[in-house]
Chemist: 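This is the structure, below, for whatever I ask next.
For clarity, every value in this text was computed on a predicted model and none was experimentally measured.
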Amino acid sequence: MESAILQGLNPQQKKAVQTVDLPLLVIAGPGSGKTKVITHRIAYLIYEKNISPFEILGLTFTNKAASEMNERISGLLDNSVAGVTISTFHSFCAMVLRRESEKFGLKQNFTIYDDQDQLSLVKKLVKQLDFDVDNVTPRSLLSQISKAKSKMVGWSTYQENAGNYIQEFTAKIYEEYEASLNLSSALDFDDLLLKTYHLFKDYPEVVSKYQDRFKYVMIDEFQDTNITQYAISKQLSLASGNLAVVGDPNQSIYSWRNADIHNILSFHDDFPTATVVNLDQNYRSTQTILETAQNLISPNTEKFDQKLWTDNSKGQPIVIGEGYNEKEESEMIISEINNLVSKGEYSLGDIAIMYRVNSQSRALEEKCIKYGIKYQIVGSLKFYQRLEIKDLIAFLRLINNPDDDVSLLRVINVPPRGIGQKTLSILSSCAVDNKSSISNVLDQIFSGESTIEIKDLGLTKAAIKNLFNFREMIADFKGYVSKRSLPELIEIIFEQSGYKNHIMNESENFQERNENIRELINTAGYFSKENTNDSLSAFLESVSLVGDTDNLSYEGQKLTLITLHQSKGLEFPVVFISGLEDGMLPHIRSIESENPSELEEERRLCYVGVTRAKEKLYLLRSFRRGFRGESSLPSRFLADITRSQVVSWNFSEEKVTQSNNYVDYQLNQDEYFDEGPNYDIPDIPEYKDSEPVDEPVEFNQFKVGDKVAHKIFGDGIIIGCKALDQDQELQVAFKDGIGIKKLLGSFAKLEEIN
DNA sequence: ACACCAATCGTTTTT
DNA sequence: CGATTGGTGT
């Protein structure tokens with residue numbers, strides 16, 4: 001009699017669930033029941049193998065995935081066997097580090113610096129070192145540092161290998177950056193992983209404690225792990241040999257955050273005894289969508305050889321549409337959604353619009369408002385990134401960890417209290433000289449037993465007084481920590497710091513900002529109720545690591561607007577992907593990059609989007625995009641979609657001819673007429689040109705968008721136009737692989753054609 | 001020290 | 001086109 005846990009699983013899924021006591025690699029194609037396998041495997045371990053839930057550790061990449069898995073497990077298991085640890089890498093590491101901090105001289109109340117904090121620290125260091133070079137921005141420095149850290153390259157090694165002036169400077173910043181974090185008792189996201197790795201490496205008794213506790217380690221979205229995360233996974237599972245990893249190389253889309261696709265691609269080389277399971281049956285999408293996805297991904301070189309299949313029906317063809325510009329593209333999308341919904345075919349909750357960059361949501365939003373369509377934008381303006389929230393959190397951090405200089409500098413003069421740049425630069429350099437934090441400098445100055453001579457610093461009387469008051473204020477706040485609840489504490493800070501008055505007088509959107517603060521206070525209230533450890537430090541950690549809770553609400557029928565990156569792991573009956581243009585998807589940076597793997601990643605990103613769709617897929621692009629109305633070429637990815645599976649969606653005669661020929665030149669002509677559509681062509685809605693589109697700007701003779709013929713190059717289209725004195729410089733995209741040429745209007749003898 | 005205005009710049013994805 | 005920086009005047 002087969003275990004109930006295995007019922008309803010296909011053979012591969014069963015194999016994955018039943019493989020215990022061996023390294024396991026599960027290649028989980030999109031829609032192949034990955035989460036089902038993970039949750040059933042956990043149930044199998046507990047019920048069939050009598051393994052204690054406490055010995056099971058599941059590591060995920062995002063909070064969303066962690067909480068979803070937790071829910072699925074508790075649905076599958078009864079609550080009496082709760083105790084399985086499901087956590088993100090980062091919060092798991094933070095937990096370990098808090099617990100073990102005293103072992104290696106890390107203060108238990110360490111602060112976690114997010115991206116913004118890191119950046120402001122780097123900016124400060126760049127200023128201090130007085131270095132200014134073009135193309136070396138604080139952002140690029142930070143990204144170099146983070147890249148090094150996620151490969152476990154320390155600053156001294158980085159320095160030794162520096163091959164040029166810029167790298168040497170980067171190394172110097174890296175060194176200072178690390179020193180600052182250290183002084184501030186702060187860890188960045190990379191440190192959470194890195195310090196855990198070093199802790200495990202340097203303290204065998206610590207790592208064996210965790211190895212002993214977690215005998216069964218399972219990692220989800222393994223294609224998104226970086227070198228350090230992989231190293232930690234190995235450390236944890238070294239004793240037991242039970243490392244199970246699940247992922248899909250084709251959905252590796254986070255290399256910019258230093259995820260390394262080779263972790264999954266060469267897992268089997270690392271663990272030759274590993275069982276490899278290939279989940280290749282797709283339960284999600286129609287055949288047409290699945291085939292489109294496969295055609296899309298197949299040009300990639302870095303991939304696992306996997307041929308997906310499905311029992312699902314052929315379904316409807318893919319709809320490829322083109323709008324004249326961003327406005328019109330949005331109009332098409334939203335009016336089509338309006339149609340689908342009013343015909344009763346789908347509800348808003350069934351539909352998602354996906355895009356490459358967040359800024360694309362704006363045009364869509366406007367049309368939603370116009371049509372009165374309810375929508376939700378996933379994770380655009382993050383709650384904890386808002387100014388007023390960051391400020392109040394900075395107060396809390398400073399109270400929790402006085403050495404946190406980034407937070408101190410953030411709030412020391414917010415609201416303005418007469419502590420200006422001059423004063424701060426004196427304090428900063430004094431802190432550098434004394435190798436201490438700024439709080440420490442202030443303590444020295446005001447404690448009387450100072451080794452620092454106040455007179456020598458050159459601070460004004462007013463500044464000294466203001467600094468004294470600030471220090472007193474923070475000390476007062478600290479006094480409340482043990483006496484008041486978390487929400488009360490925030491309330492007190494909000495009012496007594498003068499922040500409330502400040503935003504009341506300052507900003508016209510006081511209402512909104514005040515509501516945000518209320519929400520923060522509410523969140524703190526929930527946190528206190530739900531967590532046994534409701535210390536300030538624990539709250540701040542959850543704020544940094546958990547971030548926005550339940551961004552995506554499934555209650556209420558709303559259209560979902562989401563970036564392609566964030567769409568991973570989700571599915572919708574109807575998916576629109578907007579902006580399929582070269583420069584947008586693939587993004588311009590990947591096209592210009594000398595590293596071809598970046599282009600492969602863009603392709604995977606598109607693949608992720610396509611495979612979210614269950615029934616209907618629309619691929620949209622704009623003929624002109626951007627604020628300068630530059631013309632964009634169709635995405636090169638469109639050329640890899642079989643034409644027989646596509647219906648084109650156009651909406652006005654003139655524009656059809658204009659754009660369609662153009663698309664043809666990009667798309668694979670051979671396949672175009674091979675076989676006619678095998679499908680009933682769905683009702684493509686009449687597009688009503690209800691809103692006039694932007695008039696193209698007139699130039700001397702030609703304008704962007706004009707179709708032209710050239711004696712030698714043949715037919716082309718104007719994609720760029722620069723007015724010169726008595727003439728114009730034209731950028732023309734020609735058909736038949738000739739490509740883009742720059743021409744002088746008077747010389748080129750172009751003829752306008754229709 | 002601070003507020004306001006102008007100019008510039010640089011355009012991705014986020015635990 | 002938007003946000004951030006820089007300079008000015010109070």
Chemist: Can you tell me if the side-chain N/O atoms of Q566(A) get under 4.0 Å from OP1 or OP2 in dT13(B)?
Modeler: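 No, outside the criterion.
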Chemist: Are K34(A) and E221(A) close enough for a salt bridge, meaning some N to O gap below 4.0 Å?
Modeler: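 Salt bridge: yes.
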Chemist: Just jot down the salt bridge (charged side-chain N to carboxylate O under 4.0 Å, His left out) partners of K500(A), sequence neighbours excluded, or say none.
Modeler: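 By the salt bridge (charged side-chain N to carboxylate O under 4.0 Å, His left out) rule, K500(A) matches E495(A).
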Chemist: Determine, answering yes or no, if W256(A) is stacked on dT13(B) under the 5.5 Å centre rule and the 30° plane rule.
Modeler: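 It does: the ring sits over the base of dT13(B).
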Chemist: Output the rounded distance in Å from CD (Q116(A)) to P (dT15(B)).
Modeler: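 Checked: the CD to P distance equals 13 Å.
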Chemist: Between the protein and nucleotides 4-6 of chain C, list the N/O to N/O atom pairs that are separated by less than 3.5 angstrom.
Modeler:
from	atom 1	to	atom 2	distance (Å)
dT5(C)	OP1	K123(A)	NZ	3.4

Chemist: Tell me which nucleotide among dG2(C), dA1(B), dT14(B) gets nearest to the side chain of T423(A).
Modeler: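 For T423(A), the side-chain atoms sit closest to dA1(B).
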Chemist: Does the distance from a Lys or Arg side-chain N to an Asp or Glu carboxylate O, for E326(A) and R362(A), drop under 4.0 Å?
Modeler: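 No, this pair does not count.
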Chemist: Rounded to the Å, how far apart are D190(A) CG and dT15(B) P?
Modeler: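 In whole Å, dT15(B) P lies 14 Å from D190(A) CG.
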Chemist: For DNA chain C, what are the stems built from at least three Watson-Crick or G-U pairs in a row, each pair having both distances below 3.5 Å?
Modeler: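 B:1-10 with C:1-10 - these are the stems of 3 or more pairs that involve DNA chain C.
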Chemist: Rounding to a whole Å, what distance do you find between E592(A):CD and dT11(B):C1'?
Modeler: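 In whole Å, dT11(B) C1' lies 12 Å from E592(A) CD.
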Chemist: When you compare the side chain of C368(A) with that of L559(A), does any pair of heavy atoms fall below 4.5 Å?
Modeler: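 In short, these two side chains touch, coming nearer than 4.5 Å.
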Chemist: Using the closest heavy atom to pick a nucleotide of DNA chain B for each, name whichever of K422(A) or Q118(A) lands nearer the 5' end.
Modeler: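 With K422(A) and Q118(A) compared, the 5'-side residue is K422(A).
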Chemist: Write down the atom of N258(A), the atom of N226(A), and the distance for their closest heavy-atom approach.
Modeler: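 Shortest heavy-atom contact: O-CB, 3.0 Å.
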Chemist: Pairs in or reaching into residues 576-596 of chain A: which pass ring pair (Phe, Tyr, Trp, His ring centres under 6.0 Å), with residues at least two apart or in two chains?
Modeler: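 The answer is F576(A)-Y618(A).
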Chemist: Rounded to whole Å, please give me the gap between CG in L605(A) and C1' in dT14(B).
Modeler: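 Rounding to the nearest Å, CG of L605(A) and C1' of dT14(B) are 13 Å apart.
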Chemist: State whether T137(A) places a side-chain N or O below 4.0 Å from either non-bridging phosphate oxygen (OP1 or OP2) of dG10(B).
Modeler: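 Looking at the OP1 and OP2 atoms of dG10(B), neither is under 4.0 Å from any side-chain N or O of T137(A).
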Chemist: What nucleotide, of dG2(C), dT11(B), dT15(B), holds the atom closest to the side chain of T62(A)?
Modeler: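 Per side-chain heavy atoms of T62(A), the pick is dT15(B).
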Chemist: Answer yes or no: is there a side-chain heavy-atom contact under 4.5 Å between R397(A) and Y113(A)?
Modeler: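 R397(A) reaches Y113(A) side chain to side chain.
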Chemist: Looking only at heavy atoms, which two atoms of N300(A) and R603(A) are closest? And how far apart?
Modeler: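 Looking at all heavy atoms of both residues, the closest pair is OD1-CD, 3.0 Å.
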Chemist: Report the residue (E602(A) or A463(A)) whose heavy-atom-nearest nucleotide on DNA chain B is the more 5′ of the two.
Modeler: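 That would be A463(A).
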Chemist: Nearest whole angstrom, please: distance from the C1' of dT15(B) to the CG of D220(A).
Modeler: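 One finds 14 Å between C1' of dT15(B) and CG of D220(A), rounded.
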Chemist: Does a side-chain N or O of N358(A) approach OP1 or OP2 of dT14(B) to a distance below 4.0 Å, or not?
Modeler: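 For dT14(B), OP1 or OP2 has a side-chain N or O of N358(A) closer than 4.0 Å.
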Chemist: Looking at DNA chain B, which of residues 411-419 of chain A put a heavy atom within less than 4.0 Å of it?
Modeler: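 Nucleic-acid contacts, sorted: N413(A), P416(A), R417(A), G418(A).
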Chemist: Would you kindly give the NZ-to-P distance between K568(A) and dT15(B), to the nearest whole Å?
Modeler: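 Rounded to the whole Å, the gap is 11 Å.
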Chemist: Assess whether a salt bridge exists between K151(A) and D190(A), defined as any Lys/Arg side-chain N lying under 4.0 Å from an Asp/Glu carboxylate O.
Modeler: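 Salt bridge flag = no for D190(A) with K151(A).
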Chemist: Should we count NZ of K147(A) as having more than 12 external heavy atoms under 6.0 Å?
Modeler: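 12 or below, so no.
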Chemist: Between K367(A) and E331(A) (salt bridge meaning N to carboxylate O under 4.0 Å), is one present in this structure?
Modeler: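 Salt bridge: yes.
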Chemist: Please name all residues satisfying salt bridge (charged side-chain N to carboxylate O under 4.0 Å, His left out) with E541(A), sequence neighbours left out, ordered by chain then number.
Modeler: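 Checked E541(A) against salt bridge (charged side-chain N to carboxylate O under 4.0 Å, His left out); matches are R98(A).
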